[in-house]
Structures are given as structure tokens and as C-alpha cells.
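Here the structure is laid out as C-alpha cells; the discussion comes afterwards.
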Amino acid sequence: MRAFLLSTSLFALAACATDNNSVEAIQVSESACFGACPIYELTVTPDDHYQMDGRRFTRINGYSEGDLAPGSYAQMQTLLENANFFSQPENYTFANPELCPGPQISDMPSITISYTTRRNSHTVTWYQGCGAPVMRDLRDGLRDAFDYDEIVRPG
């Protein structure tokens, strides 16, 4: 019994010591608009690896993955931290007239950004027809960091 308890304790201790970076990720997805806006979901991990599901109007429709420039994830993290992302409201859409008062520009896509760390997770959806400078700047910065023009935008 003592050996069983000792081995169980050691196994639990080893589980606690494993690297939890694999749960950390930044996800960016954009929805349809009235025109030919890219519809995709992109996940970037701390090792600067990305996985993308290009659904429509993307460079590669379907699944793709690869490596980003070194430091891309760290750059995305910095952008999120500078935007106080974990303090941002979850909903910058028509459903929240306080943050999206009319008149809104119609037929624009929405962007959803999720940031998951070992300690916290937060998701914000922004309808891009709502004026929200902090979200516009965040979208543009994230796109630059993950090289939107090379990975997402059709060639």
C-alpha cells in the first residue's frame, strides 16, 4: 500500500510539473460580410506555430498550418496586454447598444479574438461596423503579427 501511495504521489507531482504552455493560445476568427471578406479561424501557439481553417475567400480554403516568424506570438501577446484585453467587454456588437450605438455601418464582418493563458481566458467579439478604436487597432496589429496578407488574404 505504501508503494502504491508513493507512486501515486510521484505521478501527481510529475503531472503538476509538466509544461502547460500547450494550453496557451491566441485565436482570431473573422465572419462573413456582404462582399468577399475572408472567413477563417486561426490559432497561434507560443511556439509561433499556427493552424488555420480557411472557410471562404482565403488563400487556402480548408486546413493549413505552419510556422510564423519568431516572436510573432510574443508580439500578439504584447498587443493584447497593451489593449487591456482581459478588461475589454465581451460584446462589441449590435446586441450591446452602449458600445455599438447607431447608426452602424452594415454588412461588415465580425472578428472574434480569444486569448487563453495558463491562468485566464477571455473572448471578445467585435462587429466591425461599430466604432471601437481599441478593437480596430488590435485587429490591425494582430493581422500584422500573424502576417494576414501572406496567410489569410487570397493571393
Side-chain angles (χ1 to χ4, degrees), residues 16-155:
C16 291
T18 58
D19 183 9
N20 286 333
N21 283 339
S22 62
V23 300
E24 292 188 25
I26 298 169
Q27 246 183 351
V28 179
S29 62
E30 293 193 61
S31 68
C33 68
F34 187 65
C37 299
I39 304 167
Y40 67 94
E41 184 174 299
L42 177 92
T43 302
V44 180
T45 53
D47 60 356
D48 296 318
H49 188 77
Y50 76 88
Q51 295 178 331
M52 187 178 88
D53 179 9
R55 297 189 180 132
R56 197 164 175 201
F57 306 120
T58 56
R59 184 172 295 271
I60 297 174
N61 289 325
Y63 178 81
S64 63
E65 67 177 296
D67 292 317
L68 300 172
S72 295
Y73 185 86
Q75 183 181 354
M76 294 172 78
Q77 273 185 312
T78 298
L79 289 162
L80 291 162
E81 289 166 11
N82 289 344
N84 296 314
F85 186 76
F86 287 114
S87 299
Q88 293 296 325
E90 294 178 1
N91 185 356
Y92 282 94
T93 68
F94 293 119
N96 190 346
E98 184 178 310
L99 293 175
C100 188
Q104 297 89 356
I105 301 170
S106 63
D107 302 322
M108 298 292 290
S110 290
I111 185 168
T112 300
I113 302 167
S114 297
Y115 180 30
T116 302
T117 68
R118 287 183 271 172
R119 293 195 172 105
N120 210 348
S121 183
H122 189 62
T123 299
V124 175
T125 300
W126 171 49
Y127 174 70
Q128 295 178 41
C130 299
V134 67
M135 292 305 294
R136 181 197 62 233
D137 293 346
L138 184 55
R139 176 203 61 200
D140 293 348
L142 291 173
R143 282 180 174 179
D144 288 344
F146 67 76
D147 206 0
Y148 175 87
D149 289 337
E150 289 297 316
I151 294 172
V152 177
R153 185 176 292 208

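For the single chain, residues carry numbers from 1 onward in sequence order. Fair warning: this is a prediction, and the values are worked out from it, not measured in the lab.
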Next on the checklist: Just to verify, what does His49 make a ring-ring contact (aromatic ring centres under 6.0 Å, His included) with, not counting sequence neighbours?
Outcome noted: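 For His49, no residue satisfies ring-ring contact (aromatic ring centres under 6.0 Å, His included) once neighbours in sequence are set aside.
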Indicate yes or no: at least one non-hydrogen side-chain atom of [X] is less than 4.5 angstrom from one of [Y].
X      : Y      : value
Leu138 : Leu142 : yes
Val152 : Phe146 : yes
Tyr148 : Pro38  : yes
Asn91  : Leu99  : no
Val28  : Val44  : no
Val124 : Tyr92  : yes

Item to check | For the student: nearest non-hydrogen atoms of Ile151 and Met52, plus distance | outcome: O-CE, 3.7 Å
Going from [atom1] on [X] to [atom2] on [Y], what distance comes out if it is rounded to the nearest 0.5 angstrom?
X      : Y      : atom1 : atom2 : result
Met108 : Ser31  : CE    : OG    : 10.0 Å
Ile113 : Phe85  : CD1   : CZ    : 5.5 Å
Asp47  : Glu24  : CG    : CD    : 11.0 Å
Thr117 : His122 : OG1   : NE2   : 12.0 Å
Tyr73  : Ile26  : OH    : CD1   : 4.5 Å
Phe94  : Ser110 : CZ    : OG    : 8.0 Å

Checklist entry - Is the closest side-chain donor-acceptor distance between Thr58 and Asn61 under 3.5 Å? => result yes
Item to check | Exercise: do Thr43 and Gln27 side chains pair donor with acceptor under 3.5 Å | outcome: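 Side chains of Thr43 and Gln27: pair found under 3.5 Å.
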Checklist outcome for this item: residues 75-86 vs side-chain hydrogen bond (donor to acceptor under 3.5 Å, both in side chains), sequence neighbours excluded, gives Gln77-Tyr115
Next on the checklist: Filter on side-chain hydrogen bond (donor to acceptor under 3.5 Å, both in side chains), then keep only pairs touching residues 123-136, sequence neighbours left out; what's left?
Outcome noted: Glu30-Gln128, Thr112-Thr125, Ser114-Thr123, Gln128-Arg139
Checklist entry - Please, which pairs that meet disulfide bond (SG atoms under 2.5 Å apart) have at least one residue in residues 37-79, sequence neighbours excluded? => result Cys33-Cys37
Checklist entry - For Tyr63, does the OH atom have more than 12 heavy-atom neighbours from other residues, nucleotides or ligands under 6.0 Å away? => result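 It does: Tyr63 OH has more than 12 such atoms within range.
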Checklist outcome for this item: The salt bridge (Lys or Arg N to Asp or Glu O under 4.0 Å) partners of Asp149 (sequence neighbours excluded) come to Arg153
Item to check | Inter- and intrachain pairs under salt bridge (charged side-chain N to carboxylate O under 4.0 Å, His left out), touching residues 48-58, at least two apart | outcome: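 Pairs touching residues 48-58 that pass the test: Glu41-Arg55, Asp53-Arg55.
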